[in-house]
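Here is the structure we will look at.
Remember, it's a predicted structure, so these values are computed and weren't measured experimentally.
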Amino acid sequence: MDRLDAMAVFVTVVEAGSLAAAARRLGHSPATVTRAVAMLEAGLGERLMHRSTRSLRLTERGERQVMVYRSVLAELAEADEAGSATTRITGRIVLTAPELFGQKVLMPILERFLDAHPEVSARVLLLNRVVNLVEEGVDAAIRLAPLPVSSLVAVRLGEMRRLLCAAPSYLDRAGRPATPGDLQRHRCLGTDDGAARELWPFIDPRPGRHRPLSQTIQPRIALNIAGAAIDAAIRGGGICRVMAYQVAEHIEAGRLVPLLRAFEPAPSPVHLVFHPIPRRNVAMRAFIDHATPNLRSAVADISRRIRPFAGPD
């Protein structure tokens, strides 16, 4: 096995999550896969991963090298493509997004892309946590939060408001909070992974202030997913704090009412992040070109839909 073959094996190991899974995917024996990784490590004089019978974890050098190997392999694939007569878009892309954003926003865009490119397949991880793109073999991710400094490419898609909402039936029964402090007397539905206490951010709307505020909340019901909190709020169970895309349709339909709008904190940025190399990968390059304007349009549309209902008090 030459060095390029070993690079391809190593990338597959990272994407598959284990040596055994990579061997099955490639049709190699486990020993062949192990030798390929060992050959790369011997050439570098450093370990690329910590591995056991059940899992593997990249070393710091391994995280750098997998990006290098992907880049080299993508360059070779692009050169082969340029030298051939075909212009077909083929390949497999791996994406991740927060659960409800993926369901409501990303999936329709991805499905239209796959309809247009029948030789492309996709794996989608809808997870309410930050995914390490390198360690988990993911090509691109949707992030709804400020981004740390990294080597990833980040394309800004817009911004997303976070809203407090309750059903009209709950407000008829319990009244409407006028300030964040009033939440202490209300039934609040937590979404911070079932935490017993949560810190909800707000801003001071008084002229000349506009500084951050926070309110400690002891949820009446503590949940680990926003969807369950939204359902409970619609049934009149209390006040939930969620992203605008999660409740836009419910606000439009009158099932939920935005609260404390004057105290609403700054919206969160929305980005599509990906490795530098997908721009030279035909399937990922095509997906990014397709998804970016469509995602921007979808994010802007959510803001337009809730503006008449959730503008400043």
Option passing side chain to side chain donor-acceptor pair (under 3.5 Å) with Tyr170 (candidates Arg176, Arg187, His186): His186
Return the orientation label for the Phe202 and Phe263 ring planes: parallel under 30°, perpendicular over 60°, tilted otherwise. perpendicular
Check: Pro258 and Leu164 side chains under 4.5 Å, non-hydrogen atoms: no
More than 12 heavy atoms of other groups within 6.0 Å of Arg220 CZ: no
Are more than 12 heavy atoms, taken from residues, nucleotides or ligands other than Arg197, located less than 6.0 Å from that residue's CZ atom? no
Does a side-chain N-to-carboxylate-O contact under 4.0 Å join Arg70 and Glu15? yes
Listed by chain and number, what are the ring-ring contact (aromatic ring centres under 6.0 Å, His included) partners of Phe113, not counting sequence neighbours? His117, Phe287, His290
I'd like to know if the side chain of Thr32 reaches the main chain of His28, judged simply by a donor and an acceptor atom lying under 3.5 Å from each other, with no hydrogens or angles considered. no
Ion pair check, Glu264 and Arg161, cut-off under 4.0 Å: yes
Is any side-chain N of the basic residue among Glu249 and Arg305 closer than 4.0 Å to the acidic one's carboxylate O? no
Is it true that Glu41 and Arg35 have a side-chain N and a carboxylate O under 4.0 angstrom from each other? no
Is the shortest distance from a Lys or Arg side-chain nitrogen in Asp301 or Arg304 to a carboxylate oxygen in the other one below 4.0 Å? yes
In chain order, what residues pass the side-chain contact (heavy atoms from CB on, under 4.5 Å) check against Arg64, with sequence neighbours excluded? Glu60, Arg61
Taking side chain as C-beta onward, heavy atoms only, is Glu198 less than 4.5 Å from Gln218? no
Using the salt bridge (Lys or Arg N to Asp or Glu O under 4.0 Å) criterion, which residues pair with Arg156? Sequence neighbours excluded. Glu159
Rounded to the nearest 0.5 Å, what's the gap from CD1 on Ile251 to SG on Cys165? Could you check? 4.0 Å
N-O pairing of Arg57 and Glu135 below 4.0 Å: no
Counting only N and O atoms by type, is there a donor-acceptor contact under 3.5 Å from the side chain of Asp139 to the main-chain atoms of Val94? yes
